[in-house]
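Position 1 is the first residue of the sequence, and the numbers go up from there.
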Amino acid sequence: FGDYVISMTHQSSHIMEVLWLASLTGLAGKDEQGDCFCHISISPLFETIEDLEHIESVLSALLDNPVYKHLLEAAGNRQEVMLGYSDSCKDGGILASSWQLFEAQRKVIELANRSGVEVRLFHGRGGTIGRGGGPTHESILAQPDGTVYGKIKFTEQGEVLSNKYSNPETAVYELTLGVTGLMLASSHQVLPGIDTVTPERMQIMREMAAIGEDSYRDLTDRTDGFLDYFYEATPINEIALMNIGSRPSHRNKGDRSKSSVRAIGWVFGWAQSRHTLPAWYGIGTALENWVGDSVNRLSMLQQLYSDWPYFRALLSNTEMAMYKADIITAEEYSELCLSEDTAKRVFDKVRDEYKRTLELTLRVAQMNTLLDDNPALSVS
């Protein structure tokens with residue numbers, strides 16, 4: 001059968017339900033000699049911030065189940081786990097999403113090693129930064145130390161396919177970037193490596209992720225009229241009418257909540273109106289609050305940017321997304337809002353956070369302008 005992906009996996013019983021259905025159709029069970037057989041691989045997909053936080057308990061319950069363990073062994077003793085980038089970012093913001101994904105990978109690998117199970121991480125990345133996109137080579141190197149074992153799996157979808165693979169030269173180039181990134185990320189298997197993830201760095205990121213998530217939720221969940229602003233000041237309704245997506249723009253038709261609108265429409269709406277906020281909102285507040293007036297703390301973050309591929313990729317992607325934003329154009333879109341009060345309240349928060357994120361990102365990266373370190377990308 002291949003891999004069966006379960007969207008929005010909340011608990012281990014969701015995997016067992018699929019396995020039970022598979023047993024009814026002869027894909028899994030016991031043969032006449034009483035030996036287990038299993039011709040289906042089930043990949044739980046963890047998508048929201050809450051699901052990523054619970055990934056360890058869900059997989060522990062699954063791998064501790066003797067029935068599942070026997071069937072997994074019969075199928076080759078390899079568990080695939082899919083990580084959702086788009087919905088976790090829409091749910092809790094880019095900083096919380098990025099860090100929860102980082103922590104989740106470490107937890108999954110540790111759990112698999114304890115259970116004697118081979119694991120393959122499947123990254124559900126989209127094309128834009130707000131959906132887990134970014135340069136392929138850097139994103140592979142930014143994975144947690146010791147979690148890449150000679151193989152990696154991620155989605156390539158939508159406009160990314162034509163951009164990267166529509167002619168042989170770009171296709172070979174992209175595949176080469178992926179292969180070399182994979183080789184470098186897997187080198188810990190044969191060469192002594194330096195673990196870039198220290199307890200101190202973990203604590204710094206946990207603190208900043210919590211601040212960033214609170215800032216993002218303050219805008220998206222606790223600001224009066226925010227969803228009215230989204231539906232009136234971005235072309236989400238027009239995007240929903242276009243027959244270009246692989247699925248409808250909303251999970252439930254007529255439900256305008258943040259959880260109902262799909263991540264693709266969410267990101268495209270903000271991109272078309274030149275806000276691009278899913279890719280950067282909350283990072284400025286997190287950096288500013290954590291650094292405060294401390295020169296020492298700023299120096300620590302500058303060192304992280306220099307030495308830690310994960311942190312460097314995070315801020316590099318932030319730079320690129322902010323470069324694509326245009327606050328003057330975004331303000332013109334805000335004038336489409338039916339309520340002037342709502343438009344001012346929401347846009348003022350967006351503009352203030354943009355300025356904050358721009359200033360702090362440049363200070364940490366020790367640059368004067370965005371993409372100073374990548375002139376080729378700046379020109380394009």
Side-chain angles (χ1 to χ4, degrees), residues 7-10 44-58 81-108 123-126 128-134 139 142 144 202-223 226-227 229-230 250-251 255-271 275-290 310-311 313-315 317-318 321-322 346 349-350 353-354 356-357 360-361:
S7 293
M8 294 291 177
T9 302
H10 302 313
L45 169 52
F46 298 89
E47 299 185 76
T48 66
I49 296 292
E50 185 179 7
D51 288 339
L52 288 169
E53 288 174 345
H54 296 161
I55 195 168
E56 190 172 22
S57 59
V58 171
V81 178
M82 189 170 181
L83 304 167
Y85 286 68
S86 303
D87 279 283
S88 59
C89 181
K90 176 169 69 76
D91 177 34
I94 186 70
L95 192 53
S97 166
S98 172
W99 184 246
Q100 286 296 341
L101 285 159
F102 190 93
E103 294 234 55
Q105 291 178 68
R106 287 172 62 92
K107 291 174 184 175
V108 170
H123 302 268
R125 301 167 66 224
T128 51
I129 303 300
R131 296 180 52 237
S139 67
M202 296 276 286
Q203 187 56 36
I204 290 171
M205 283 308 305
R206 284 172 185 150
E207 290 172 11
M208 289 202 297
I211 298 168
E213 181 176 1
D214 184 68
S215 172
Y216 177 84
R217 290 192 185 279
D218 182 63
L219 174 74
T220 61
D221 300 344
R222 301 194 292 269
T223 299
F226 173 77
L227 284 173
Y229 182 96
F230 173 62
H250 288 69
R251 287 191 164 84
D255 181 357
R256 292 179 10 134
S257 68
K258 191 176 83 172
S259 59
S260 177
V261 63
R262 289 194 179 272
I264 295 175
W266 174 260
V267 170
F268 280 13
W270 291 118
H275 291 69
T276 71
L277 70 83
W280 54 263
Y281 198 95
I283 289 179
T285 296
L287 293 173
E288 183 180 70
N289 286 18
W290 195 85
Y310 162 77
F311 192 69
L314 175 68
L315 287 196
N317 286 340
T318 303
M322 296 190 77
V346 175
K349 281 193 170 186
V350 173
E353 182 64 11
Y354 180 87
R356 191 179 298 117
T357 305
L360 269 297
T361 300

Nearest heavy-atom pair of Ala142 and Ala313: which atoms, and what distance?
CB-CB, 3.9 Å
Is the backbone N or O of Gln100 less than 3.5 Å from a side-chain atom of Glu53, with the two atoms forming a donor-acceptor pair by type?
no
Could you tell me the separation between the CH2 atom of Trp99 and the CZ atom of Phe102, rounded to the nearest 0.5 Å?
5.0 Å
Are the side chains of Leu52 and Leu101 in touch, meaning some heavy atoms are under 4.5 Å apart?
yes
Between His275 and the options Tyr354, Tyr229, Phe268, the ring-ring contact (aromatic ring centres under 6.0 Å, His included) test singles out Tyr229
Where do Pro144 and Gln105 come nearest, in terms of heavy atoms and distance?
CD-OE1, 3.5 Å
Determine, for Asp91 against Arg217, whether the closest basic-nitrogen to carboxylate-oxygen distance falls under 4.0 angstrom.
yes
Could you go through Ile283 and Leu315, starting from their C-alpha distance and side-chain angles, then the distance that decides it, and tell me whether this counts as side-chain contact (heavy atoms from CB on, under 4.5 Å)?
CA-CA 9 Å; Ile283 289 179; Leu315 287 196; 4.3 Å; yes
CA sep, side-chain torsions, deciding dist, call: Ile49, Ser88, side-chain contact (heavy atoms from CB on, under 4.5 Å):
CA-CA 5 Å; Ile49 296 292; Ser88 59; 4.2 Å; yes
Does Lys107 come within less than 4.0 Å of Glu103, counting only side-chain N to carboxylate O?
no
Could you check if a side-chain atom of Tyr281 sits within less than 4.5 angstrom of a side-chain atom of Ser215, using non-hydrogen atoms only?
yes
For residues Gly92 and Tyr216, report the shortest heavy-atom separation together with the two atoms involved.
C-CD2, 3.3 Å
If you measure from CG on Leu360 to CH2 on Trp290, what distance do you get to the nearest 0.5 Å?
12.0 Å
Within the structure provided, determine whether Ile55 and Val81 are in side-chain contact (heavy-atom separation under 4.5 Å).
yes
If you take all heavy atoms of Leu83 and Ala104, which pair is closest and at what distance?
CD2-CB, 4.4 Å
What closest approach, in Å, do Thr276 and Ala271 show between heavy atoms, and which atom pair accounts for it?
CG2-CA, 4.3 Å
Roughly how far apart are Asp87 CG and Asp51 CG, rounded to 0.5 Å?
9.5 Å
Spatial distance of atom CH2 (Trp280) from atom OG1 (Thr357) [nearest 0.5 Å]:
5.5 Å
From Lys349 atom NZ to Phe226 atom CZ, the distance as rounded to the nearest 0.5 Å
10.0 Å
Which word best sums up how the rings of Trp266 and Phe230 line up, parallel for under 30°, tilted for 30 to 60°, or perpendicular for over 60°?
tilted
For the atom pair CD (Glu213) and CG (Leu95), what is the distance rounded to the nearest 0.5 Å?
9.5 Å
When you measure from the side chain of Thr285 to the backbone of Gly212, do you find a donor-acceptor pair of N or O atoms at a distance under 3.5 Å?
no
Would you check if the side chain of Arg222 reaches a backbone N or O of Asp214 as a donor-acceptor pair within less than 3.5 Å?
yes
Should we count CD of Glu50 as having more than 12 external heavy atoms under 6.0 Å?
no
Flag the pair Met208 / Leu287 as yes when at least one side-chain heavy-atom distance between them is below 4.5 Å, and no otherwise.
yes
What pair of heavy atoms forms the shortest contact from Lys90 to Ala263, and how long is it?
CE-N, 3.9 Å
